[in-house]
2 protein chains.
Amino acid sequence: MRSEFDLIQNLKFRFALDRVGDDCAVLPKNETHDMVVTADMLVENVDFRLNWTTPESLGNKALAVSLSDIAAMGAGAVWAMLSIAVPELLWNSEFVDRFYHGWHQLAREFGVELVGGDVSASPNGVVIDSIVGGEVVKGTAIMRSGAKPGDSIFVSGSLGGAAGGLALLETGRKDAAKMSDLILRQLRPRPQLAMANLLKQLGSLSSMIDISDGLSSDLGHLCTASGAGAAIHAEMIPVDVGLGGVFDPDRCLDLALNGGEDFELLFTSSEKNIFLPEPHQISRIGEITSNDGIIELMVNGHASVLEPKGYRHF
Amino acid sequence: MRSEFDLIQNLKFRFALDRVGDDCAVLPKNETHDMVVTADMLVENVDFRLNWTTPESLGNKALAVSLSDIAAMGAGAVWAMLSIAVPELLWNSEFVDRFYHGWHQLAREFGVELVGGDVSASPNGVVIDSIVGGEVVKGTAIMRSGAKPGDSIFVSGSLGGAAGGLALLETGRKDAAKMSDLILRQLRPRPQLAMANLLKQLGSLSSMIDISDGLSSDLGHLCTASGAGAAIHAEMIPVDVGLGGVFDPDRCLDLALNGGEDFELLFTSSEKNIFLPEPHQISRIGEITSNDGIIELMVNGHASVLEPKGYRHF
């Protein structure tokens, strides 16, 4: 079956869509700035379950996933629209008010203004489309396509926690405190706008993407866009410490490599080291190669091809 | 039950959302132009039925409804995003390709570039969110809120055809050629961008909205935003000629007053008459009053209050 990524590549080619395919589209705004814009659809029982989250957390996450796309361009968020389809039973509850409350909690923190959207009835389940617009100094948006062989590959924060939280929700395990940290990573992701801003001030990033589908898939997207390959080192991957003791070591690495929704930043630079002030954490996990489209995973000095196993809809 | 319009008013007040509530949000772009942006959600079995339309017509309509919002601001369309959730069975058919083909037919005609969006799986039914951005000379966007008592009220084209087409689809009647014209009005609406552009060149419009929910409701929205009322004359309403002979005269007037989705323009001006070159058709249907929130319908010299009976989700 063709994946959604295949469809998007096909549409890009068929209709000559030059601006499609990065975390945000970049459009000219004025003499000093470009505009960036992104849309993310969240579908009930595909992207979330109402009995695993609260309306506030869902509203919060709907905005967070789009803010993460803005961060991945090295841009700032300015305005947003929110379209939501809601079954009548939920409409007659507090759901919608609580959802917008949670959305606005995050919007206030990041100075985003709700300017529009749509409200519709839904016969089956909640569907949300989150649209965010932002801006970036002209010509400085960081695309997926700029990685060069020899560049170092870095990730912010830690990986696998959100997927670990999802696994706990799926199995109904939530007995220990460290489990609730993982579940919070799944339900209340933090967009890395401040981190992206700091990184951009260093001025040496060649490419960036946010980790939404999973490291193996998102590094694949970055390599494909850059016409390059990558070699990463298992022992350098910042596996979420909360996973240890809850999952076995192989599963922890698998969650960090292939689990989605950590919304950390994956980026490349010609620099070998990047230093950020505490509490910002950055890990160098490997390097870009000229091995077009191939991602190698090094484990104890042994290399194998890492297939993209992150989230896909189709 | 509270309507979606009640919710939007409540959100505007609760979160001080100054830009919410018109056909598009207006945002500063550069020294000479403002940006306009709009989002419209289309939900299967609420806004469309797959056995009544084709994938191409659905794609076409998804863009048309948003272009109509751009037209209602007196703006031009520039870019678009499209988010779509699709059940797996449809994903494995030609549906998605044909949908994007129909979308692009209209996009090419109006010079709109697809720059992004999202693709998701859906457990139940197709959901589309259509986002369009455009621009307008700074300070010249035509809002709903500018109507003044004494202004004339005009509509473009004819009304009731799209709702007549929907009624035929609902009852399975499509035996005569004139019926297929009505059905086409429902399935392939035309956004009135050229008409809006011509009207704007006249320079005397005080307010504008597109007729998406129905004349009674959309005139209500315009009056509420303007803090005014309206008196309209039944015999001046341009009832779609295709309705005659298919529906009885009372039903024809009801469809023109309360049927949605004609996507004609409803606007006000201090001018008593506005003349546009053929084939553009404009009808003066009444005048704005100081009777805040009240719409009077005059039938044979007798006035009654016209309640908003256009489409609402809740």
Side-chain angles (χ1 to χ4, degrees), chain A residues 1-2 4 7-8 10-11 14-15 17-22 24-27 29-31 35 37-47 78-79 81-86 88 91-92 96-97 100-101 104 107 113-125 127 129 131 133 313-314, chain B residues 1-2 4 7-8 10-11 14-15 17-22 24-27 29-31 35 37-47 78-79 81-86 88 91-92 96-97 100-101 104 107 113-125 127 129 131 133 313-314:
Chain A
M1 180 158 65
R2 117 180 128 163
E4 61 269 33
L7 171 72
I8 292 165
N10 175 274
L11 291 173
R14 195 165 136 216
F15 300 111
L17 306 177
D18 293 338
R19 293 183 214 272
V20 165
D22 218 298
C24 293
V26 183
L27 291 151
K29 182 178 191 284
N30 58 29
E31 285 188 12
M35 181 179 84
V37 67
T38 182
D40 294 277
M41 205 165 229
L42 284 81
V43 179
E44 185 178 346
N45 296 333
V46 174
D47 298 295
V78 178
W79 56 267
M81 295 196 291
L82 197 47
S83 295
I84 182 165
V86 187
E88 190 170 318
W91 180 263
N92 289 319
V96 173
D97 291 292
Y100 278 96
H101 179 71
H104 270 98
E113 179 186 356
L114 186 66
V115 303
D118 200 3
V119 179
S120 176
S122 167
N124 297 295
V127 179
D129 199 35
I131 300 117
H313 284 279
F314 298 105
Chain B
M1 181 159 65
R2 116 180 129 164
E4 60 269 34
L7 171 71
I8 292 165
N10 175 273
L11 291 171
R14 198 166 135 214
F15 299 110
L17 306 176
D18 293 339
R19 293 183 216 271
V20 165
D22 219 297
C24 294
V26 182
L27 291 150
K29 181 178 192 285
N30 58 28
E31 285 189 10
M35 182 179 83
V37 66
T38 182
D40 293 278
M41 204 165 231
L42 282 80
V43 180
E44 185 179 347
N45 295 334
V46 174
D47 298 297
V78 178
W79 56 268
M81 294 196 292
L82 197 47
S83 295
I84 182 164
V86 186
E88 191 170 317
W91 180 263
N92 290 319
V96 174
D97 290 292
Y100 278 96
H101 179 71
H104 270 97
E113 179 186 356
L114 187 65
V115 302
D118 200 4
V119 179
S120 175
S122 168
N124 297 293
V127 179
D129 199 35
I131 300 117
H313 284 278
F314 298 104

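By convention in this document, chain letters (A, B, ...) are assigned in the order of the sequence lines, proteins followed by strands, and residues within each chain are numbered from 1.
Proximity to chain A involves both the backbone and the side chain of B/Met41, based on heavy atoms less than 4.5 angstrom apart. Looking at B/Leu82, neither its backbone nor its side chain comes within 4.5 Å of chain A, counting heavy atoms on both sides. With a threshold of 4.5 angstrom between heavy atoms, B/Glu44 approaches chain A through N, CA, C or O but not through any side-chain atom. Only the side chain of B/Val96 comes within less than 4.5 Å of a heavy atom in chain A; its backbone stays farther off. If you measure heavy-atom distances from B/Asn92 to chain A, the contacts under 4.5 Å come from the side chain alone. The parts of B/Asp97 that come within reach of chain A are both its backbone and its side chain, each placing non-hydrogen atoms under 4.5 angstrom from that chain.
Counting heavy-atom pairs closer than 4.5 Å to chain A, the top-ranked of the candidates B/Asn30, B/Asp118, B/Asn10 is B/Asp118. By number of non-hydrogen pairs under 4.5 angstrom with chain B, the leading residue of A/Pro123, A/Gly116, A/Ser83 is A/Ser83. Highest contact tally toward chain A, considering only B/Cys24, B/Ala107, B/Ala25, B/Gly133, is held by B/Ala25 [criterion: heavy-atom pairs under 4.5 Å].
Considering only heavy atoms from C-beta on, B/Arg14 stays 4.5 Å or farther from A/His104 through its side chain. Between A/Met35 and B/Lys29 there is no side-chain heavy-atom pair separated by less than 4.5 Å.
The minimum heavy-atom distance between B/Trp91 and A/Arg2, with the atom names listed, is NE1-O, 2.8 Å. Across all non-hydrogen atoms, the minimal contact from A/Leu114 to B/Val20 is O-CG2, 3.5 Å. B/Val37 approaches A/Trp79 most closely through the heavy-atom pair CG2-CH2, 3.8 Å. Contact between A/Phe314 and B/Val119 at its shortest, heavy atoms only, is CE1-CG1, 4.3 Å. Here the closest heavy-atom approach between residue A/Ile131 and residue B/Asp129 is recorded as CD1-OD2, 3.5 Å.
Without hydrogens or angle criteria, A/Arg19 side chain to B/Glu113 main chain gives no donor-acceptor distance under 3.5 Å.
With sequence neighbours excluded, the residues forming a side chain to side chain contact (heavy atoms under 4.5 Å, CB included) with B/Asp47 are A/Ser120, B/Leu42, B/Val43, B/His313, listed by chain and number.
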